[in-house]
Amino acid sequence: MAAVLESLLREEVSVAAAVRWIARSAQSSEDDPGEAAALSPLRPLRKEFVPFLLNFLREQSSRVLPQGPPTPAKAPGSSAALPGRPGGPPRGSRGARSQLFPPTQLPSPAAEVPSARRGGRRRGPGPARERGGRGPAGLEEGAGGEGLPWAASRRPRGSGSPGSPSLARSDPPNLSNLEEFPPVGSVPLGPAGTKPSRRINPTPVSEERSLSKPKTCFTSPPINCVPSSQPSVLDTSPWGHGLPPGCRSLQEEREMLRKERSKQLQQSPTPACPTPESGSPLPSRIGNLTAEPADPAGVSSHRRLELVALIYSSCLAENLVPNLFLELFFILQLLTARRMVAVKDSDLEPSPGALDSLESPLFQSVHDCVFFAVQVLEHQFQVLSCLDKGTLKLLAENERLLCFSPALQGRLQAAYESSVAKVSLAMPPSAQAVSFQPETDNRANFSSDRAFHTFKKQRDVFYEVLREWEDHHEQPGWDFEKGLGSRIRAMMGQLSAACSHSHFVRLFQKQLLQMCQSPGGAGGPVLGEAPDVLSMLGADKLGRLRRLQERLVAPQSSGGPCPPPTFPGCQGFFRDFILSASSFQFNQHLMDSLSLKIRELNGLALPQPEPSDEDGESDVDWQGERRQFAVVLLSLRLLAKFLGFVAFLPYRGPEPPPTRELQDSILALRSQVPPALDVLALLQQGLRARRAVLTVPWLVEFLSLADHIVPMLDYYRSVFTLLLHLHRSLVLSKEGEGEMCFLNKLLLLAVLGWLFQIPTVPEDLFFLEEGQLEAFEVDTVASEHGLDGMPVVDQHLLYTCCPYIGELRKLLASWVSGSSARSGGFVRKITPTTTTSLGAQPPRTTQGLQAQLAQAFFHNQPPSLRRTVEFVAERIGSNCVKHIKATLVADLVRQAESLLQEQLVMQGQEGGDPAQLLESLCSQLCPHGAQALTQGREFCQKKSPGAVRALLPEETPAAVLSSAEHIAVGLATEKACAWLSANITALIRREVKAAVSRLLRAQGPEPAARGERRGCSRACEHHAPLPSHLISEIKDVLSLAAGPRDPEEGVSPEHLEQLLGQLGQMLQCRQFLCPPAEQHLAKCSVELASLLVADQIPVLGPPAQHQLDRGQARRLLHMLLSLWKDNFQVPVPLQLLLSPRNVGLLADTRPREWDLLLFLLRELVEKGLMGQTEIEACLGSLREAQWPGDFSEELATLFNLFLAEPHVPEPQLRACELVQPNRGTVLAQS
Amino acid sequence: MILTKAQYDEIAQCLVSVPPTRQSLRKLKQRFPSQSQATLLSIFSQEYQKHIKRTHAKHHTSEAIESYYQRYLNGVGKNGAAPVLLELANEVDYAPSLMARIILERFLQEHEETPPSKSVINSMLRDPSQIPDGVLANQVYQCVVNDCCYGPLVDCIKHAIGHEHEVLLRDLLLEKNLSFLDEDQLRAKGYDKTPDFILQVPVAVEGHIIHWIESKASFGDECSHHAYLHDQFWSYWNRITFCIHYLCLLWNTLLGTPVWVTDR
């Protein structure tokens, strides 16, 4: 493995080739043969490369990140928290940063040991922690630790990673005493077990603490560590708490924390005080809190780091790592590394020539770490830009990032500014009972009166238990089992009939959905149904109150970037209820019911947006659909989690079976058992229908609660293989048709990555033989419009499903706040000092009360009423926006247009800068947008009641009806106003901008062309000939005149007259006329006139006389003149009459005829079609052209004639007429 | 009006290597008196365009251009009034307008320092009086007015036909009281690709559901129809099924495609 990395570093092998080599089994044709040759001997190691790389990076960074929060890693054979450990929160084996993947025990000798990996090279600055109990490093750690004064005291605890499974296997009884049984070297090395172990991150401990008997594990919160308020489900005790008997209840833990806190308060302001409540005894060293500055100039080996960053990023991009967010967390840790643990100078000096190899440490200073981190972050920008606004802000403001890559900082800043992904944690719900369901809860559905009564009683007991839990579960010393266990069991005992069980299970499930359908932490109402009302009625103040509440009550940490599955908040009640009830019937009914509901929701046809509707208002509808998706997804996840919990409950045990034989026999047994829910089929369906974004997240929840045997069962193995395949295929950089939306992919990557880190999932699963992987080809041919391709996931949903992504933000925040040691690095600015949860108290504002009243109102009405009101509110709200757009905004646009016209007139043609114009218009008009809210309110007020009335049954009582109407009005107004107040300015701006650019374009070169067009009269029946026909006809005449023509070809004068008549008709009708056609017609008519003047039109008739007679020609010219004057609405290019080419036509005629031209020119002036001076100018320029001598003379004469008699046309015309054929010549002579 | 494949083939057969002149069209009209001039011109134009597409390249080699130019110069040297350019085009079997363009371009290259821009050439073809050389102006003009398949005038006629048919279609829709959105309204709504009309309420015609109508007032032969399919129609397909309003229609071409085409 190291050989591969080394050849990469030496640039013998390109990164692209290496990634291809890792990702694919077959050799690609793209591979350079040399590279292929370099890699081919290493083929057996291929699938080990990625784990090697990840471990390598973790190891290299161990000196840098000793005191930061942990990068959790998956330890081999990890198990659940171990019982019997005194004190402290339960800890899983996934401790702090450690070896991610155990070396595979490859028999192949090809497992070359890189020189750096040999024992001699290990120069850990601190004690190496023997992670997973493998490798010899633990033995060496003493030597390394000597350099550090605190090392000795740290070591025993350091090496005592409690979750070490090998240890657990060999010495289970001793585990409780970590100090006595350090796991050092407890496992013999495998034949190729040269993979060195992980060094312990040396963690400085303050003096007084180091001497005390540590009751908690020394490491910062391990991945399996459950935050104090969230007991892990992977516990081993029969009750699932996984705590030693004395520590079972959370309350005890809480009590301890409280004590610690008070101690801390007393000791303050001593920052060195350890803070055990954070789960991390890592003390902050006095005066050591400041971070070492990182400087790009201090980077030791750019090229090497770049290469490693590149290959690492490529692995990330190809989804070759199990958990993308874990890696991002690690990278951010590197970015925020505070200081390098000092090492002996000699260690730092690279051996000569070894820079390219793995001989010298990769990260020699904080500069190196930051450089590497920034390099990787640059490659991961796409993912980063999709994180929530808060994280983006922290990243963009990170001074190290700015220093190392201003470009990336700029992009992040831009992403931050454009981001709308505000993610908030939710607020705890107030427990509300499921209302009486008349359809199912009536007597007719029970076998007997007695059963009915029992059920009613049970219902009461259930709610009593629930209320008691609500009141007490946060009190210290209260225990679920002790407090409620017997009552629950008594109640279950009364459920004799099967049908009673099903009734109770329905209630249970409904209550579960109602209370817990919300983000992991507290189970808030953000996306549920009930919350809808609250969040819609709530306004600014309520929102602010909520945010504050969130900050106060949100769990401090969800347990690192890879927390184990937990049952936070209300979910804990339901889990404990199931455990305490310990009723087989109940569990079975519950499983049936959960499976059914999961199938139902999973198959739900979710609304699809109209893709073509690009209008702003579709956002309004789309938001609703997205919300519905979120509700369904979260419900599914909740149900699946409980299904998984109940289904695997009987098999849950502390760890995998110790021996192979035992395991085989268990496997043989378990493979007989049909799965509780055919998840494989559902997954396959989901993939085929491109609904993975819905199916996979709940499937992950289900599988996360599986026991250790499950992944080994053939059935589930196939499921995992499919998921692995999917994971690999979710390459984020791929975009385009048929690809999943980016955030959808990100969600799947996050949940799958999390699943692969669950202790019960064997770590080698991810690095499956690719042969198996490739065997699975999913045909995703089915419907093109699956959910996958739709932007159904937003950041809020992503963070709700994967709260652990928020760890990135906490990590960055801790960097800003400057104390990384406390709270495992996570610092909250507000420390709640009150012991009562604020969340439990309903907001006592009027609005809050109103919201609660509305909820209460719906609660007692049939569900259809609520659906109706919500539907009406949604539609009316959406219509309101559309209406505002069509009225108010349209009016404003019209105003903008007239304002613009005025301005253009005022400023003249130069106009001014369009951008400035737009700005000034917007600044004038946007304030009017405020009217939108008033108008919107009026609209909703007017429209909603009628709609509600029409949709509710006639018999609805008046009071109910009026309440429903009020609520509908309120909701619709809220919805519309929320959208309008957020978007109206942008909308006006957009529309005005479009109008302005339209207007400015139209202003363009030919203002005359825009002049109002006279259409035909109303009576016109549009029987005029079509423009295309006339152009075609005139073109024929022109081509006849231009020749060549056959002797028999020609036009009759009648035809010409008819043609001009038709032209006139058509120009009057204009029904079919478009400007380009008219322009061409105008030009053709001028050509025609020139031909007439020059007598160039071949006339049909006796061969001798191929010419028009004067009178006909003049009549036609008159027709043309009137067409030009009265009918054409485009400018007629009359100056063409005097173009050299057209006048030149006269030169060819013998004898030349000038009188028609003179006639035409005079008429043009007479009719005002051309000015005298304009004609004079044309004639003047004509004389400059080259003509035959005599022609020039004649032209000069014409010019003089035209000038001589400007204003008395009539008699002259007659005179012209009198001068017969040779008039032109006569004129020339005179 | 619907034309059968056989009729179409018969007409097309008559058009093999016929110059695109007034005379050719007249002969065609005499040969097929039952067809309208517009139909015949449309077929002629499309068949001829196919021919030009095939042979276009060989007329644009520098040798060919040079030899045409020399022949032109010789011709006008002998007699500037003779239809030199037009005859040259007919002789080498190329569209007169396009030949005029080649020669004009070559001429301008020789007489101006900078190579002529496309817009200058187009403007000179539209109005030959802008051409500095009087003889060439006449020659070009002759080519343009005599060409019935290419050139600015023909383009204008085609455009006008397209526009007229859109208007006709709109009138028909109004007459039938069908509510529709036209292209401008659609564009204002933000559609990127717009057919001529979208019916707000679909109608069924001869068993086909019609959502929208695209008027293509040109002859719907196989080749051009497939080109349209490729360029436009498939991009509409996801959104709306549609009907194309054709001036004329070749019946057999569209089997197997989801586009239902009709003439009116």
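Throughout, protein chains are lettered first and strands after them, A, B, ... in sequence-line order, and every chain is numbered starting at 1.
- B/K158 and B/S45 form a side-chain donor-acceptor contact under 3.5 Å, judged by distance and modelled atom types alone.
- The parts of A/P1044 that come within reach of chain B are both its backbone and its side chain, each placing non-hydrogen atoms under 4.5 angstrom from that chain.
- By the 4.0 Å N-to-carboxylate-O rule, B/R170 lies too far from B/E166 to be salt-bridged with it.
- Within 6.0 Å of atom NE2 in A/H1055, more than 12 heavy atoms from other residues, nucleotides or ligands are found, so the atom counts as buried in its surroundings.
- Put simply, the side chain of B/S123 never gets that close to the backbone of B/S119: no donor and acceptor are under 3.5 Å apart.
- The contact between A/S1139 and chain B is made entirely by side chain atoms (from C-beta outward), counting heavy-atom distances below 4.5 Å.
- Among the residues in residues 141-151 of chain B, those with a non-hydrogen atom closer than 4.5 angstrom to a non-hydrogen atom of chain A are B/Y141, B/Q142, B/V144, B/V145, B/N146, B/D147, B/C148.
- If you run side-chain contact (heavy atoms from CB on, under 4.5 Å) between B/H163 and each of A/C1074, A/P1076, A/S1028, only A/C1074 comes through.
- Using a 4.5 Å cut-off between heavy atoms, A/L1145 does not touch chain B at all.
- Judged purely by atom type and a 3.5 angstrom limit, A/K1083 uses its side chain to pair as donor or acceptor with the backbone of B/R126.
- Listed for the B/D133 side chain is a donor-acceptor partner under 3.5 Å among the backbone atoms of B/L136.
- Checked by atom type, the side-chain pair B/S24/B/T21 shows a donor-acceptor distance below 3.5 Å.
- For B/Q23, the part lying under 4.5 angstrom from a heavy atom of chain A is the side chain only.
- In this structure, A/L1056 and A/V1037 have side chains that are in contact, with non-hydrogen atoms separated by less than 4.5 Å.
- A donor-acceptor contact shorter than 3.5 Å links the side chain of A/E1078 to the backbone of A/Q1129.
- Within residues 71-87 of chain B, the residues approaching chain A closer than 4.5 Å by heavy atoms are, in numerical order, B/P83, B/L86.
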